[in-house]
Amino acid sequence: MKKFDYEAVIGHELICAKLKQAVCRHQFVNAYLFSGAEGIGKKTVAYPFIAALLCHAPVDGKPCLHCPSCMLMTAGNHPDFITLQTPEDNKTFGVDVVREQLIQEAYVRPFSSERKVFLIEKGELLTTAAQNALLKVLEEPPEYVVFIILTTAQNLLLDTVLSRCLKLQFLPLNQALCHRYFEQLTTGDAPRRELAASFAQGNIGRGKQMLTDEEFYNLYENTVTNMQYLLNSLSAFADFNQFLTDNREKIENIIDFMLVFLRDALRLNLTGKAKLICTDQQAAVKAFSQKLAPGNLVRLMEAVIHYRERLQKNASFAGAGLELLTKMQEETHDQSNRNPI
Ligand SMILES: [Zn+2]
């Protein structure tokens, strides 16, 4: 069940205070943009704000959780709250969807609340045509309408759309708060919770995925294991290539795991005893940090970043993988590269 209470929010105090104040003072804008990484807490903050906007008797800017409007929110069928859900193929929102689900609805007065709220969960998926259509409503919105646009990539929204929104930037939480949050959970065992807290890097959703999503965790473990084999045998490069191909759909996660792992190895190499993100993979991190020089590790990270950029620019998957593996082989097996920088 969705939570409509600010109690469910970890951190982001300033943003919550601002939103509660807007409700207290009845000072709204017609469009809000919540931007920040996936899992950072945008939706967790949006829900109580939406419930408060629609609530018949908000308390200190928070939803009362008892009135008919709050009951409808809890039941998941509030007629004045419309979500533009992520398309199943996770591709784009075309102009037709926006016209039908948002624009036409925006001109129909609310049924049971003073306002009507529209939530767009992945603003970055709006096509340019869809954004231009949305802009027409944003330019002259009915006074009762509030749009809340969530996005992980503000740069993909048109300046004209951005200029109509009140922008709220969701930043990573501080590490101590993140650790406290995961420590008090009862899910998983203690080592897994420790890994989740460090892997979160200030993003509770990211940590939770490591804690509860077995497929995600297995992919992480397999990435590290495959990386470790690279140090020992040249045949491991073909296996690594196969691993990338087999998990093509999750390549972004694999790239992320590789970078986190290499960053750990570099830190350990430079400082002697770094606090690792891969808390459960100390032996593998140590092997990399002992066998390779800082220069090798930096160039490996650069190669992985370059690999990601090439894939983002739609390079051939096989070609980009081959380039990455060639570079990785040079850095891990070419003796001339082993000298410290
Ligand atoms: Zn209420």
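No hydrogens, no waters, no symmetry mates; every other heavy atom, side chains included, goes into these values. This one's a predicted model, so the numbers in the text were calculated from it and none came from an experiment.
One hydrophobic cluster, built from ILVMFWY side chains closer than 4.5 Å, cannot hold both Leu156 and Leu102; they sit in different ones. Both Phe182 and Leu177 belong to a single network of hydrophobic side chains, linked directly or stepwise wherever heavy atoms of I, L, V, M, F, W or Y lie under 4.5 Å apart. Under the 4.5 Å side-chain contact rule for hydrophobic residues, Phe199 and Leu266 share a cluster. At a threshold of 4.5 Å between side-chain heavy atoms, the hydrophobic network of Ile, Leu, Val, Met, Phe, Trp and Tyr places Val29 and Ile148 in one connected group. Linking ILVMFWY side-chain heavy atoms closer than 4.5 Å, directly or via other members, places Leu259 and Val298 in a single hydrophobic cluster.
Heavy-atom contacts from other residues, nucleotides or ligands closer than 6.0 Å to CD of Glu252 number more than 12. Around the CD atom of Glu139, the shell of radius 6.0 Å holds more than 12 heavy atoms that belong to other residues, nucleotides or ligands. When the shell of 6.0 Å around CG of Leu14 is examined, it contains 12 or fewer heavy atoms from other residues, nucleotides or ligands. Other residues, nucleotides and ligands contribute at most 12 non-hydrogen atoms within 6.0 Å of the CD atom of Glu249. For Lys167, the NZ atom counts as densely surrounded, since its 6.0 Å shell holds more than 12 non-hydrogen atoms of other residues, nucleotides or ligands.
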task: Could you walk me through whether Gln242 and Asp246 pass the side-chain hydrogen bond (donor to acceptor under 3.5 Å, both in side chains) test, one step at a time?
output: CA-CA 6 Å; Gln242 191 60 47; Asp246 292 346; 2.9 Å; yes
task: Give the intermediate values and the outcome of side-chain hydrogen bond (donor to acceptor under 3.5 Å, both in side chains) for residues Thr152 and Glu124.
output: CA-CA 7 Å; Thr152 53; Glu124 66 277 9; 3.0 Å; yes
task: Please report the C-alpha distance between Glu13 and Lys20 in whole Å, then the side-chain angles of each, then the deciding distance to 0.1 Å, and finally whether the salt bridge (Lys or Arg N to Asp or Glu O under 4.0 Å) criterion is met.
output: CA-CA 10 Å; Glu13 290 87 357; Lys20 286 180 207 164; over 6 Å; no
field: Derivation and outcome, salt bridge (Lys or Arg N to Asp or Glu O under 4.0 Å), residues Glu302 and Lys327
entry: CA-CA 10 Å; Glu302 284 170 352; Lys327 187 76 188 151; over 6 Å; no
CA sep, side-chain torsions, deciding dist, call: Val224, Phe257, side-chain contact (heavy atoms from CB on, under 4.5 Å): CA-CA 8 Å; Val224 174; Phe257 299 144; 5.7 Å; no
Step-by-step side-chain contact (heavy atoms from CB on, under 4.5 Å) determination, Phe237 to Leu234: CA-CA 6 Å; Phe237 285 87; Leu234 284 173; 4.2 Å; yes
field: Criterion side-chain contact (heavy atoms from CB on, under 4.5 Å) on Ile251 and Phe317, from CA distance to verdict
entry: CA-CA 10 Å; Ile251 200 70; Phe317 189 80; 3.9 Å; yes
field: Test log, rule side-chain contact (heavy atoms from CB on, under 4.5 Å), inputs Val161 and Leu126
entry: CA-CA 11 Å; Val161 170; Leu126 293 163; over 6 Å; no
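With hydrogens and angles disregarded, a donor-acceptor distance shorter than 3.5 Å links the side chain of Asn226 to the backbone of Asn222. At least one donor-acceptor pair under 3.5 Å links the side chain of Ser69 to the backbone N or O of Leu54. Panel note: side chain Thr151, backbone Ala153; a donor-acceptor pair is recorded below 3.5 Å. In terms of modelled atom types and a separation under 3.5 Å, the side chain of Asp60 and the main chain of Lys62 share no donor-acceptor contact. When atom types are taken as modelled, the side chain of His12 and the backbone of Ile40 share a donor-acceptor pair closer than 3.5 angstrom. Panel note: side chain Gln201, backbone Pro172; no donor-acceptor pair is recorded below 3.5 Å. The main-chain N or O of Arg192 is found under 3.5 Å from a side-chain atom of Asp189 such that the two form a donor-acceptor pair. Remark: the backbone N or O of Ser35 is not paired with any side-chain donor or acceptor of Gln154 at under 3.5 angstrom. Listed for the Lys208 side chain is no donor-acceptor partner under 3.5 Å among the backbone atoms of Gly39. Under a 3.5 Å cut-off, the side chain of Asp264 and the backbone N or O of Cys278 do form a donor-acceptor pair.
At a threshold of 4.5 Å between non-hydrogen side-chain atoms, the residues Met258 and Thr223 count as touching. Contact check for Thr187 versus Arg193: no side-chain heavy atoms found under the 4.5 Å cut-off. When side chains are defined from C-beta on, Val260 does not count as touching Tyr220, because their heavy atoms never get closer than 4.5 Å. Side-chain contact between Leu324 and Leu244 is present, with heavy atoms from C-beta onward closer than 4.5 Å. Between Ile15 and Val9, every side-chain heavy-atom pair lies at or beyond the 4.5 Å cut-off. Residues Leu195 and Tyr217 are in side-chain contact: their nearest non-hydrogen atoms beyond the backbone lie under 4.5 Å apart. Tyr107 places a side-chain heavy atom less than 4.5 Å from the side chain of Val137. Proximity of Arg206 to Met210: side-chain heavy atoms (C-beta onward) are nowhere separated by under 4.5 Å.
Between Cys178 and Ile204, the shortest heavy-atom contact is SG-CD1, 4.1 Å. Taking both residues in full, the closest heavy atoms of Tyr32 and Cys165 are given as C-CB, 4.3 Å, listed atom of the first, atom of the second, then distance. What you find for Tyr144 and Pro110 is that their closest heavy atoms are CD1-CD, 3.5 Å. Closest non-hydrogen pair, Ala31 versus Leu138, comes out as CB-CD2, 3.7 Å. Gln175 and Ala197 make their closest contact through NE2-O, 3.2 Å (heavy atoms, listed as atom of the first residue, atom of the second, distance). Minimum interatomic distance between Ser198 and Thr279 (heavy atoms only, all atoms of both residues): OG-CG2, 3.7 Å.
Note that CZ of Phe240 and CG of Leu230 are 5.5 Å apart. Values are rounded to the nearest 0.5 Å. We find the NZ-CD1 distance between Lys43 and Ile50 to be 10.5 Å, quoted to the nearest 0.5 Å. Considering CG of Leu311 and OG of Ser316, their distance stands at 9.0 Å, rounded to 0.5 Å. Atom CZ of Phe288 is separated from atom CE of Met227 by 4.5 Å, given to the nearest 0.5 angstrom. Atom CD of residue Glu114 and atom CG of residue Asp80 lie 11.0 Å apart, to the nearest 0.5 angstrom. The distance from atom CE of Met328 to atom CG of Leu231, rounded to the nearest 0.5 Å, is 9.0 Å.
His26 and Phe28 have perpendicular rings, their planes meeting at more than 60° on a 0 to 90° scale where under 30° would count as parallel. Ring pair Phe34/Phe170 is tilted by interplanar angle, where 30° to 60° counts as tilted.
A salt bridge links Glu215 and Lys250; the closest N-O separation between the charged side-chain nitrogens and carboxylate oxygens is under 4.0 Å.
Residue Ile120 is tested with Val98, Leu150, Leu134 for a side-chain contact (heavy atoms from CB on, under 4.5 Å); the sole match is Leu134.
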